[in-house]
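Structure record follows, encoded as structure tokens.
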Amino acid sequence: MRFVTWNINSLRLRLALLLQVIDKLNPDVVCLQEIKCPTEAAPVEALVAGGFPHVLVEGMKGYNGVAILSRYPMTRIAGPNWCGRDDARHICARISVGGSDITVDNLYVPAGGDVPDPQANEKFAHKLQFLDEGVRYLSATSSSERRLLAGDLNIAPLETDVWSHRQLLDVVSHTPVEVAALARWQATRGWVDTTRQVLGSTDKLYSWWSYRAKDWDTSDRGRRLDHVWASPALAPAVTGAGILREARGWTGPSDHVPVWTDIAFDAPAPKASRRRTA
DNA sequence: ATGGTCGAATATCGA
């Protein structure tokens with residue numbers, strides 16, 4: 001089972017690139033963030049035609065918005081109203097894979113604005129509150145549940161998750177207060193960062209490069225903002241992980257690239273639904 | 001220290 005998370009930065013604009021990602025990675029489940037359209041405007045039929053008969057969308061006009069695409073049947077699970085707002089940052093589904101269930105949380109954490117001070121910057125306060133609610137959310141789960149949490153968490157926790165630890169200490173996404181809050185969240189039930197579990201912590205890994213760089217590839221001033229976490233019950237089943245860096249170099253790219261994690265399931269995947277031609 | 005570029009919606013705001 002391959003899970004992909006991608007901040008697509010407009011689903012309608014980048015539908016063709018999404019199909020390219022699907023072609024390249026052949027995922028079973030795709031979590032999208034920043035789809036930037038109302039729920040009813042999401043191109044669901046094109047996604048079904050692209051091999052994902054099961055689509056859940058939580059959208060809104062202009063900003064945010066999340067969606068889950070699945071080759072397997074899934075049912076939506078209601079989540080909390082994060083920070084008392086209805087701003088389409090979370091969608092949850094239980095996916096059934098041949099008698100085995102897995103719950104997937106798709107999250108888009110607030111970016112937090114420019115000033116890393118909750119007193120001076122309401123957006124940063126919102127981000128910190130969202131992270132605290134993340135702790136409360138995972139506290140209500142059991143450590144025996146098979147669960148995955150994926151999304152744009154807008155925090156690069158490790159020194160190797162940013163191009164310069166020293167230069168980003170005061171930059172929202174890598175400040176000690178955010179990194180500590182993310183660590184508390186992840187540790188709540190002993191969740192595991194699957195990307196680092198598979199690839200180790202030594203190498204620099206990024207999933208986002210600013211649009212403002214003259215040459216994103218050469219300057220390579222990236223950050224790893226997109227994550228796939230596994231519950232402690234699921235973490236031993238993780239068999240692979242990766243980041244599709246090349247997608248940043250495609251024509252008309254998102255500023256984020258897809259991040260994927262492979263999970264071993266006891267039940268074999270139904271062959272007929274693996275390919276879009278089926 | 002500053003400005004650089006995107007997307008949505010159409011002047012700015014959010015990232």
Side-chain angles (χ1 to χ4, degrees), chain A residues 5-21 31-43 46 57-67 82-90 106-118 120-131 150-157 161-164 166-175 177-179 181-182 206-227 245-259:
Chain A
T5 182
W6 188 27
N7 180 322
I8 194 171
N9 189 17
S10 173
L11 172 56
R12 288 180 291 184
L13 194 67
R14 263 177 272 285
L15 181 59
L17 285 192
L18 174 58
L19 297 175
Q20 210 168 311
V21 168
C31 293
L32 299 173
Q33 305 85 38
E34 283 209 90
I35 63 170
K36 288 188 171 175
C37 66
T39 301
E40 59 274 15
V57 179
E58 177 69 27
M60 63 184 288
K61 183 177 169 151
Y63 307 101
N64 307 339
V66 287
W82 298 76
C83 304
R85 306 179 189 210
D86 240 0
D87 58 356
R89 294 181 179 276
H90 177 225
N106 178 14
L107 279 153
Y108 175 50
V109 173
D114 288 330
V115 181
D117 174 2
N121 173 14
E122 181 276 329
K123 290 179 190 169
F124 195 71
H126 177 211
K127 184 177 196 174
L128 295 181
Q129 186 189 342
F130 198 100
L131 297 168
D152 176 3
L153 304 186
N154 264 316
I155 296 173
D161 289 333
V162 291
W163 64 275
S164 169
R166 188 179 57 81
Q167 286 181 255
L168 288 177
L169 274 171
D170 289 327
V171 175
V172 172
S173 71
H174 192 61
T175 64
V177 61
E178 293 166 83
V179 170
L182 191 77
Y206 314 136
S207 65
W208 172 90
W209 294 259
S210 171
Y211 281 129
R212 297 175 190 176
K214 277 176 194 152
D215 183 338
W216 72 273
D217 196 21
T218 303
S219 60
D220 201 19
R221 296 188 166 192
R223 307 175 201 171
R224 189 174 68 101
L225 305 177
D226 303 276
H227 303 264
R245 179 183 169 111
E246 68 174 72
R248 186 61 177 80
W250 293 348
T251 303
S254 168
D255 45 354
H256 296 252
V257 297
V259 174

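Note that this is a predicted model, so its numbers are computed, not measured. Just so it is clear: chains get the letters A, B, ... in the order the sequence lines come, proteins before strands, and each one is counted from 1.
Within the nucleic acid shown, A:Arg248 has no heavy atom closer than 4.0 Å to any nucleic acid atom.
With hydrogens and angles ignored, a donor-acceptor pair closer than 3.5 Å exists between the side chain of A:Arg212 and the base of B:dA15.
Between A:Asn64 atom CG and B:dG7 atom C1' the separation is 13 Å, expressed in whole Å. Rounding to whole angstrom units, CG of residue A:Asp114 and P of B:dA1 are separated by 14 Å. If you take CG of A:Asn121 and P of B:dG14, they are 11 Å apart, rounded to a whole angstrom. When rounded to the nearest whole Å, the span between NE2 of A:His256 and P of B:dC6 equals 14 Å. Computed from coordinates, the A:Phe124 CZ to B:dG14 C1' distance equals 17 Å when rounded to whole Å. Residue A:Met60 contributes atom CE, which lies 16 Å from atom P of B:dC13 at whole-angstrom precision. Atoms OH (A:Tyr211) and C1' (B:dA8) sit 12 Å apart, rounded to a whole Å. Spacing between atom OH of A:Tyr108 and atom C1' of B:dG7 amounts to 11 Å, rounded to whole angstrom units.
Relative to the side chain of A:Lys61, the nucleotides B:dA9, B:dG14, B:dA15 differ in distance, and B:dA9 lies closest. When the nucleotides B:dA9, B:dA15, B:dC13 are ranked by their closest atom to the side chain of A:Glu34, B:dA15 comes out on top.
B:dG14 and B:dA9: their C1' atoms are spaced 13 Å apart (whole Å). Between B:dG7 and B:dG3, the distance separating the two P atoms is 22 Å to the nearest Å. Comparing the same atom, P, in B:dA1 and in B:dA15 gives a spacing of 24 Å after rounding to whole Å.
The pair A:Asp220-A:Arg248 fails the salt-bridge criterion, with no side-chain N (NZ, NE, NH1 or NH2) lying under 4.0 Å from an Asp/Glu carboxylate O. Note on A:Arg245 versus A:Asp217: salt bridge recorded, some NZ/NE/NH1/NH2 to OD/OE distance being below 4.0 Å.
Residue A:Lys123 has a polar side-chain atom (N or O) positioned under 4.0 Å from OP1 or OP2 of B:dG14. A sub-4.0 Å separation between OP1 or OP2 of B:dG7 and a side-chain N or O of A:Arg14 is present.
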Problem set entry | side chain to side chain contact (heavy atoms under 4.5 Å, CB included) evaluation trace for A:Leu131 with A:Ile155 | CA-CA 10 Å; A:Leu131 297 168; A:Ile155 296 173; 3.6 Å; yes

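Side chain to side chain, A:Thr5 and A:Gln33 meet the donor-acceptor criterion of an N or O pair below 3.5 Å.
With hydrogens and angles ignored, the 3.5 Å screen pairs a side-chain donor or acceptor of A:Arg89 with a backbone N or O of A:Tyr108.
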